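As the structure is a prediction and not an experimental result, all values here were calculated from the model. Sequence lines set the chain letters: A, B, ... in the order given, protein chains first and strands last, and positions in each chain run from 1.
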Amino acid sequence: MEERYEAGTVEQRWQRFWEDERTFRVTEDPSRPKYYCLEMFPYPSGRIHMGHVRNYSIGDVVSRYKRMRGFNVLHPMGWDSFGLPAENAAIKHNVHPEKWTLENISFMRDKQLKRMGLSYDWGREVTTCLPEYYRWNQWIFLRMFEKGLAYKKRSYVNWCPSCATVLANEQVENGVCWRCGSVVTHKELEQWFFRITSYAEELLEHTDKLPGWPERVLTMQRNWIGKSVGVEVDFTVEGNGGKLTIFTTRPDTLYGVTFMSIAPEHPMVEKLIQGKPQADAVRAFCQRVMRLDKAVRTDESQEKEGVFTGAYAVNPLNNEKVPVWVGNFVLMDYGTGAIMSVPAHDQRDFEFAKKYGIPVRVVIQNAKKDLDIAAMKAAYIDEGTMVGSGPFDGTPNAAGKEKVADYVQERGIGKRTVNWRLRDWGVSRQRYWGTPIPIVYCDACGTVPVPDKDLPVLLPTDVAFTGKGSSPLAESTSFRETTCPTCGGKARRETDTMDTFVDSSWYFLRYCSPRHDAAPFDKKAAAYWMNVDQYIGGIEHAVLHLLYARFFTKVLRDLGLTDVDEPFKNLLTQGMVIKDGAKMSKSKGNVVDPDFIINKYGADTARLFSLFAAPPEKDLEWSDQGVDGAYRFLHRVWAITHRYHERLRTVRAAGNEARGDRLFRKVHQTIRKVTEDIERQFQFNTAIAAMMELVNELYEYTSKDLPAEKLPIVRRALETVALLLAPFAPHFSEELWRALGRETSIAGEPWPSFDAEAIKESEITLVVQVNGKVRSKLTIAAGLPDREIEAAALADAKVREHTAGKSPKKVIVVQGKLVNIVV
RNA sequence: GCGAGAGUGGCGGAACUGGCAGACGCGCCGGUCUUAGAAGCCGGUGGGCAACCGUGGGGGUUCAAGUCCCCCCUCUCGCACCA
């Protein structure tokens, strides 16, 4: 053993060892319990950042710990490698996206991740931009197409005029493109969609079956899915006999309707204004509203405006005639694009009615105090009794909701419905660097799926990246022109590619059998490994990726490929790494480069610090001095091991015979503490603190000349430190283990167990309080009865001082903790 | 506005079912070693001269409250014209 700890040499040695020994390669083994630990795979941007270091350090502790506990641990890594940055690099630096991506991957894998000493089974690496992976995206797409889960429709989408592509909702930040800052516009395009709404109900219901997920993520998903139960009711348009269908969650207020509002895009608008004097004004209004960007339009602070169409609709419940307005706040893509307005019981309708002088009619009466329309300053939205509602008068409104719904349904003027906020998932992207959509358009046969035998539809490499016009695929004649698989005639390929979220929606299944070439994954392998026991990643994917992955898992289950309903059993959302109180970013100049830290201190220090500075789910404030502290701790462990390793060569580690020894007790207390902290929600920071305490105790224990008979206890302590530290600072621990004369790899050693008997203290220190204030401390034998403890406390000199001769009114004894004397 | 989470020394953070607030680390102060310094090692470190006071503020329950209850303030994150 070297006298000084040189992280670089140590880490290289063990990284080579693990690689040569194939230490972390795994296969299915039904005789052992499996554990699947997964961190969200990275986009190969070129360099890892501190967020990755933290994410992978957390996952690696979990994996190595579970491994030491005897689990067969699947811990894979791969690359989410399709996406815009590669293409932008191509335009800017004239390098092909594939070359750029693959080079980034080898750099990040070989020069960065492998230097962190992560226990990945690199034999399972998955790279989504390779045909062997994306052909299965295409295969799954075709299965979904067959089941009607993938379909094409015209719709309005976010469009960045400068990047010349559709943007996903998440790529639009405050109405501008996340990448170039251009104002995002809307464009009506024919796009492919996945029918995620077919699974809305199950996606929502199963949020109750994920106790291992953070509540806030589940809440975000529930909000996003946005289930809303209500009724559709048909209003007849007076005069032209047309029908206006509205959706409402408040059928109990149907008798209070005083006007209707429809979206400017509503197909009925033209019909309603036909021949009316208002026609031009309405058209102008609609034009003006529709021109606005979605972000502006749906901003709540946007003034609520409307215009009367001149038409009237008839309320089917009371046959009353109410005016139909066009409102700028009515959305065509939610519900039916038309609403009934009840100003007395809806705040927005109330404001609108006040603004335009529309009548207000109370139909839900407040039981405590009658509502007075003239005095009302806001809509009454609380519970009450139905009034002015014909046959329903006197019904409590909660029950009224059901009764009116039944009534409407019986009379055939409407039906119960459920509306979802969740939209179908638009997956088309007008970009090159993604999975080609396996569809061919033939003038004779229409939309034709590419047959399985022709998969993969390869991305052509000989395309031009100009950054102008349409996407390189659309410009590529050789790609676009093909023959129809059905009739053999001339046909053209779909030139859009798939959203990269498709890639990440099932990669965790691919890891189970990454080289399988008959299906996306081997069913048996997946049955053994799935589901993911622990998934770890950033909160930013709370809705998108995590919802899509859940959706895909259910689709694949329904295709008979897997039996699991949910992909991720437990989810840990780790906090951000921040510096000087702000997220690390180039523009703020507060970025800490992982390479720099690893070169200077080694990976073990980088890992240890990022685990020690904060609990995993909280933000971590980066501190250069804190890193020094972690480094110093490893040096301390190294130094004391070095001091004893020669003398310990022939010494066996102490066992039960050492019970009662101070250090031996601390060893076992530490095993318990570290084990509990890992098991209890991965509290690595306190686990590391406990190891530091043990090392501090060890220094104190050895500070005076140590008799030879204590050496077995020192050996036990050092071996335990090495074992407990193994998941956290793996290279370092291997080296200690070797220095202590052990020949095995510590990564395969069983996790130490503690001896409950050894933990027990023979003497305990009790706090003695007088009237709740600490006045003295008592060191007594453990396990004395309350009576004796009380007597000892009352006899204490300092206690007598504070009780001043008064006799105690009450004495509380809490075993092992304190005595409180009340006078 | 609604929902979730948080507020503890100079800093990051501990404190299991109410039971010594501040574990551990950083920083700072002192000692040792050294010609000197760095590193290491050892000791100290919430405030206050003290009685005492201290976990965002104010009430309460309790022998005992960071922890439980009520009211309020601040911050972070999500949702937010969804009919």
Side-chain angles (χ1 to χ4, degrees), chain A residues 4 214-224 226-228 230-231 246-250 253 260-261 263 297-304 327-331 333-342 346-349 351-352 419-422 539-540 542-543 573 575-576 608-609 612-615 617-630 632-633 635-636 639 673 676-677 680 683 685-696 699-700 703 765-777 808-823:
Chain A
R4 256 192 78 78
E215 196 52 43
R216 63 183 184 133
V217 174
L218 295 173
T219 306
M220 281 160 77
Q221 292 216 350
R222 289 181 195 122
N223 285 343
W224 186 268
K227 183 179 184 177
S228 170
V231 177
I246 57 96
F247 172 75
T248 181
T249 55
R250 294 293 305 272
T253 64
M260 310 275 288
S261 309
R297 224 177 122 178
T298 56
D299 181 356
E300 201 188 352
S301 61
Q302 169 90 348
E303 172 98 24
K304 282 150 202 62
N328 66 345
F329 57 89
V330 186
L331 308 172
D333 61 358
Y334 185 81
T336 60
I339 60 173
M340 64 178 207
S341 296
V342 186
D346 180 284
Q347 187 55 27
R348 188 190 48 206
D349 294 346
E351 285 163 24
F352 196 89
N419 256 295
W420 304 91
R421 216 187 75 102
L422 182 70
I539 186 79
E540 65 272 17
V543 173
T573 49
M576 285 188 308
L608 198 64
F609 173 73
F612 176 63
E617 68 285 354
K618 285 183 56 173
D619 284 352
L620 180 152
E621 171 75 31
W622 189 265
S623 152
D624 293 336
Q625 284 153 338
V627 178
D628 283 332
R632 205 167 323 180
F633 169 65
H635 271 282
R636 263 167 85 76
K673 173 77 176 148
E676 282 175 359
D677 285 350
R680 186 166 53 88
Q683 300 298 301
N685 54 332
T686 49
I688 294 167
M691 294 186 246
M692 289 172 167
E693 282 188 60
L694 173 58
V695 171
N696 291 345
Y699 265 80
E700 206 185 312
S703 63
T765 302
L766 287 186
V767 167
V768 185
Q769 299 180 331
V770 177
N771 289 335
K773 288 189 174 138
V774 180
R775 295 303 186 191
S776 183
K777 288 189 182 178
K809 286 196 196 113
K810 194 171 177 184
V811 177
I812 291 114
V813 177
V814 182
Q815 279 291 344
K817 298 275 184 188
L818 55 65
V819 181
N820 190 9
I821 299 160
V822 186
V823 293

Touch class at under 4.0 angstrom, heavy-atom based, for Val811(A) against every strand present: nothing

Separation of the P atoms in rG54(B) and rG40(B), to the nearest angstrom: 39 Å

Rounded C1' spacing from rA14(B) to rA23(B) in Å: 5 Å

Integer angstrom distance from the P of rA83(B) to that of rG5(B): 24 Å

First encountered from the 5' end of RNA chain B, between Arg4(A) and Asn328(A): Arg4(A)

Nucleotide nearest Leu818(A) (side chain, heavy atoms from C-beta), chosen from rC24(B), rG19(B), rC42(B): rG19(B)

Gap in Å between the two P atoms, one belonging to rG66(B) and one to rG60(B), rounded: 15 Å

Minimum-distance pair of heavy atoms, taken over all atoms of Arg636(A) and Tyr699(A): O-OH, 2.7 Å

Separation of the P atoms in rC11(B) and rG47(B), to the nearest angstrom: 12 Å

Touch class at under 4.0 angstrom, heavy-atom based, for Lys777(A) against every strand present: base

Pair Arg421(A), Asn223(A): side-chain N/O donor-acceptor within cut-off below 3.5 Å: no

Which atom pairs link the protein and nucleotides 46-54 of chain B when you take only N or O atoms and keep those under 3.5 Å?
residue, atom, partner, partner atom, Å
rC52(B), OP1, Arg775(A), NH2, 3.4

Secondary-structure string, 5' to 3', Watson-Crick or G-U under 3.5 Å, | for another-strand partners, for RNA chain B: (((((((..(((......[....)))((((((.......))))))((....))..(((((..]....))))))))))))....

Arg636(A) CZ - rA39(B) C1' separation (whole Å): 13 Å

Residue closer to the 5' end of RNA chain B, Ala690(A) versus Met340(A) (nearest nucleotide): Ala690(A)

Between rC2(B) (C1') and Met220(A) (CE): distance, integer Å: 15 Å

Base rC63(B) paired with Asn820(A) side chain (donor-acceptor, <3.5 Å): yes

C1' spacing across the pair rA39(B) / rU74(B), given as an integer number of angstrom: 44 Å

Side chain Lys304(A) and base rC81(B) donor-acceptor under 3.5 Å: yes

Sugar-phosphate, base or nothing in reach of Arg216(A), heavy atoms under 4.0 Å: sugar-phosphate

Nucleotide N/O to protein N/O under 3.5 Å, stretch nucleotides 10-16 of chain B:
residue, atom, partner, partner atom, Å
rG12(B), O2', Ala613(A), O, 2.8
rG13(B), O3', Asn685(A), ND2, 3.4
rA14(B), OP1, Asn685(A), ND2, 3.1
rC16(B), N4, Lys817(A), NZ, 2.7

Sugar-phosphate, base or nothing in reach of Asn696(A), heavy atoms under 4.0 Å: sugar-phosphate

